[in-house]
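Take a look at the structure below.
Heavy-atom basis, side chains included; hydrogens, waters and symmetry copies ignored.
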Amino acid sequence: ILDYMRAIGNNLVIKKIEEPNQSTKGGLLLTEKQREDVRFQQADVVKIGFNVEHVKEGDTIYFDKSAAHRIEIDKEVYHVIRQENVVVVL
């Protein structure tokens, strides 16, 4: 994890946990993008901003996946979300 990377304010830098493809009753495989019925996704918290409460680095969370913004740093893909988009901390 990048030591020099910092989140600002109430933002969190997260690493999405890839979910396995699921299939329909008929056997068709559904990718993550095709599963529009699922609004929330699991992720690991990489960095937190200085205004973030109740979440710490290393936590696993569920967040509103439509609110995530993709960033790429050193060929690694991360996402940035606001604290209010976190719905569950495991």
Side-chain angles (χ1 to χ4, degrees):
I1 298 173
L2 305 175
D3 291 329
Y4 59 85
M5 179 171 56
R6 291 185 297 154
I8 304 297
N10 64 345
N11 292 305
L12 294 90
V13 178
I14 60 172
K15 184 85 169 160
K16 287 184 178 180
I17 297 173
E18 297 301 323
E19 298 175 2
N21 291 339
Q22 305 231 341
S23 60
T24 65
K25 291 179 183 178
L28 296 174
L29 289 178
L30 298 174
T31 64
E32 176 188 334
K33 292 181 181 180
Q34 294 168 320
R35 299 226 36 233
E36 295 177 3
D37 60 322
V38 179
R39 179 175 175 180
F40 302 106
Q41 185 172 357
Q42 196 173 15
D44 291 322
V45 177
V46 177
K47 297 287 183 176
I48 62 169
F50 50 84
N51 288 337
V52 174
E53 298 175 344
H54 312 295
V55 179
K56 62 185 180 300
E57 293 176 10
D59 280 350
T60 300
I61 61 167
Y62 278 91
F63 68 99
D64 184 346
K65 67 182 179 182
S66 65
H69 300 281
R70 183 179 189 270
I71 60 172
E72 188 174 328
I73 301 173
D74 292 341
K75 298 183 182 177
E76 281 288 326
V77 176
Y78 300 94
H79 289 80
V80 177
I81 61 170
R82 293 178 166 266
Q83 180 181 357
E84 55 264 21
N85 295 310
V86 175
V87 294
V88 174
V89 178
L90 299 178

Give, for atom [atom1] of [X] and atom [atom2] of [Y], the distance between the pair rounded to the nearest 0.5 Å.
{"X": "Leu12", "Y": "Glu84", "atom1": "CG", "atom2": "CD", "answer": "9.5 Å"}
{"X": "Lys16", "Y": "Tyr78", "atom1": "NZ", "atom2": "OH", "answer": "14.5 Å"}
{"X": "Ile81", "Y": "Gln41", "atom1": "CD1", "atom2": "CD", "answer": "10.5 Å"}
{"X": "Arg82", "Y": "Asp64", "atom1": "CZ", "atom2": "CG", "answer": "13.5 Å"}
{"X": "Asn10", "Y": "Phe50", "atom1": "CG", "atom2": "CZ", "answer": "9.0 Å"}

Subject >> Non-hydrogen atoms of Val52 and Gln83 that approach each other most closely >> reply: CA-OE1, 3.3 Å
Subject >> Atom of Val45, atom of Ile14 and distance for their closest heavy-atom approach >> reply: CA-CG2, 4.2 Å
What I'd like to find out is whether the side chain of [X] reaches to under 4.5 Å of the side chain of [Y], using heavy atoms alone.
{"X": "Ile73", "Y": "Tyr4", "answer": "yes"}
{"X": "Val87", "Y": "Arg39", "answer": "no"}
{"X": "Val86", "Y": "His54", "answer": "no"}

**OP:** Check for a donor-acceptor pair, side chain of Lys15 on one end and backbone N or O of Ala43 on the other, with a separation under 3.5 Å.
**Re:** no
**OP:** Using salt bridge (charged side-chain N to carboxylate O under 4.0 Å, His left out) as the criterion, list what pairs up with Lys56, not counting sequence neighbours.
**Re:** Asp59
Original post:
Ile17 and Val77: same hydrophobic cluster, using ILVMFWY side-chain contacts below 4.5 Å?
Top reply: no
